[in-house]
Amino acid sequence: MSKPAATEAVHLPPAEIRRLQTRLLAWYRQHHRQLPWRESRDFYPVWVSEVMLQQTQVQTVVPYFLRFMKAFPTLEDLAGADPQDLLRNWAGLGYYSRARNLQKAARIVLREQGGEFPRSHREALRLPGVGPYTAAAILSIAFDQPLLALDGNVVRVLSRLFRLEGDPARSPVQEMLAAAGRQLLPAHRPGDFNQALMELGATVCLPRNPRCLLCPWSSHCEALKAGVQERLPEKGKRPDTHLSRQAAAVIRHRGRFLIRRRSDSRLLQDMWEFPGGEFSRSDLAGSLVKYLESELRLNVRLRDRLTVVKHAVTNRRITLTVYEARLNPPLPPTLSIPGARWIWLSQAGRYPLTAAASRIVQALTAEHLHRRGRPESGRRQVGLAAPLKP
DNA sequence: AATGCGGGGTG
DNA sequence: CACCCAGCATT
């Protein structure tokens, strides 16, 4: 059985290119999703959406995008925004340096480019948070520039269409994919073609169980012909995940709770959380008490275990045990702690909380309602800190 | 080229 | 569980 050599460039005759373009674009016109950032071709909303969509699924981004555009409707609003307010609007979406870089870049565009987005790929790449993919996406969608937006979806679609083997993270395969994709890209509305390619990858040419019966390119797909569509693209090796045991304290004092801002931390910088940490000792509760004493100079006694939050951060799988705590007498002369605040539950929504902290607030809110004699009603979300979901 | 960076959706 | 997601910055 013959297959294309990994080093052999894909070459397409013009008639084939036209057939592929026509079929994909016809499919896209029929089946594309209505998404809020497709209502305008102004670079600002396109830019915001593309940054939010970095490593984040469409479905997740939609409500964040709507809220963000309401909070910061223009480039000027974003450039002038209070950083904590910005972070608060990003909280829960992850990869928070995206938000910081977006604001930095907005200020550069506003101050140094007179409010005009760069019109070349090379210039766009100078903006923090704008890489090869994002630059191509914005310039093709907002400015009709014929640049291929090579994202994870497009890698998958093209790997299968041309049956390109080898790890697409590596440079030779990457180059072949890009070269093949550029041949397909039409001069007219390249942004629509890019979006069609990504839409196909997101809704039809799925990582597992691709819906080849619905695919406008099924009769052209080399991987399908060979029956290897599920095996492509090849995946490189992944870093092993490791476990992390963490504990946090919900310290109640006169109806309020202590939250702390993460400073000097690469991870979740400037986000707020309930104080705690990662502990290796088997005595999780004891470790937490000692930690609070040495780190915050707070002498507490632990009460109930409130909840256990399981979540994953990059390659760590975290089990976070949450304890309720009270201060032991005698109280210190001042409860003021640098970088921390005592807040009411109802004020939680004013802070950019980590996802784990949000889950804890949710649990506290449910418990609070329960204590006031209103039984929990399903998954009802209450209060400002309710997670952002459609 | 390899690693770190969040969090959630999905089979 | 593992894998993936409209990637980028840093080393």
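Hydrogens, waters and symmetry mates are skipped; everything else that's a heavy atom, side chains included, is used. Protein chains get the first letters and strands the later ones, always in sequence-line order, with residue 1 at the start of each.
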Worksheet item: Can you tell me how far C1' in C/dA9 sits from the matching atom in B/dG8, rounded to whole Å?
Response: 23 Å
Just the table, please: protein N/O against nucleotides 2-4 of chain C N/O, every pair under 3.5 Å.
from: C/dC4; atom 1: OP2; to: A/R238; atom 2: NH2; distance (Å): 2.5

Worksheet entry | Heavy-atom donor-acceptor pair, A/W272 side chain to A/A348 backbone, under 3.5 Å | no
Worksheet item: Can you find a heavy atom in the side chain of A/R156 that is under 4.5 Å from one in the side chain of A/Q229?
Response: no
Practice prompt. For A/R119, look at atom CZ and say whether over 12 heavy atoms of other residues, nucleotides or ligands are found less than 6.0 Å away.
Written response: yes
Worksheet item: Is any side-chain N or O of A/R316 closer than 4.0 Å to OP1 or OP2 of B/dC5?
Response: yes
Worksheet item: For the base of B/dG9, is there a side-chain donor-acceptor partner from A/T60 under 3.5 Å away?
Response: no
Worksheet item: Whole-Å distance between B/dT3 C1' and A/H242 NE2?
Response: 13 Å
Worksheet item: With a 4.0 Å cut-off on heavy atoms, is A/L267 in touch with a base, just the backbone sugar-phosphate, or nothing at all?
Response: sugar-phosphate
Worksheet item: For A/Q55 and C/dG7, is the shortest distance between a side-chain N/O and OP1 or OP2 below 4.0 Å?
Response: yes
Discussion item. Working note: A/F65 + A/W37, criterion ring-ring contact (aromatic ring centres under 6.0 Å, His included); need CA distance, chi angles, decisive distance, verdict.
Written reply: CA-CA 8 Å; A/F65 175 81; A/W37 48 87; 5.4 Å; yes
Discussion item. Less than 4.0 angstrom between a side-chain N/O of A/Q59 and OP1 or OP2 of C/dC5, yes or no?
Written reply: no
Fill in: Closest approach of A/V154 to A/M198 (non-hydrogen atoms, all atoms of both residues)
CG2-CG, 3.7 Å
Item to complete: For A/G92, answer base if it contacts any base atom (sugar-phosphate contacts may also be present), sugar-phosphate if it contacts only those atoms, and nothing otherwise; contact means non-hydrogen atoms under 4.0 Å.
Response: sugar-phosphate
Discussion item. At 4.0 Å (heavy atoms only), tell me whether A/A149 reaches a base, stays on the sugar-phosphate, or touches nothing.
Written reply: nothing
Discussion item. Quick check against the 3.5 Å criterion: does A/Q183 have a side-chain atom that pairs as donor or acceptor with the backbone of A/H11?
Written reply: no
Worksheet item: Looking for any heavy atom pair under 4.0 Å, which part of the strands does A/T134 touch: base, sugar-phosphate only, or nothing?
Response: sugar-phosphate
Discussion item. Taking 4.0 Å as the cut-off, does a side-chain nitrogen or oxygen of A/Y96 come that near to OP1 or OP2 on B/dG7?
Written reply: yes
Practice prompt. Give A/S97 one of three labels, base, sugar-phosphate or nothing, depending on what nucleic acid heavy atoms sit under 4.0 Å from its own.
Written response: nothing
Discussion item. Give me the distance, rounded to whole Å, that separates C/dA6 from B/dC5 when you measure between the P atoms they each carry.
Written reply: 23 Å
Worksheet item: Which part of the nucleic acid, if any, lies within reach of A/A169 when heavy atoms closer than 4.0 Å are counted: base, sugar-phosphate only, or nothing?
Response: nothing
Worksheet item: When all nucleic acid strands are considered with a 4.0 Å heavy-atom cut-off, which category describes A/N209: base, sugar-phosphate, or nothing?
Response: sugar-phosphate
Worksheet entry | Span that lies between the P atom of C/dT11 and that of B/dG6, in whole angstrom | 16 Å
Discussion item. Keeping A/R303 on the side-chain end and A/E324 on the backbone end, is there a donor-acceptor pair under 3.5 Å?
Written reply: no
Fill in: Contact check, side chains of A/F257 and A/V361, non-hydrogen atoms, under 4.5 Å
no
Discussion item. Applying a 4.0 Å non-hydrogen cut-off, can you work out what A/W37 is touching in the nucleic acid: base, sugar-phosphate, or nothing?
Written reply: base
Close N/O contacts between protein and nucleotides 9-11 of chain C (under 3.5 Å):
from: C/dA9; atom 1: OP1; to: A/G129; atom 2: N; distance (Å): 2.4

Worksheet entry | First encountered from the 5' end of DNA chain B, between A/R170 and A/Q269 | A/R170
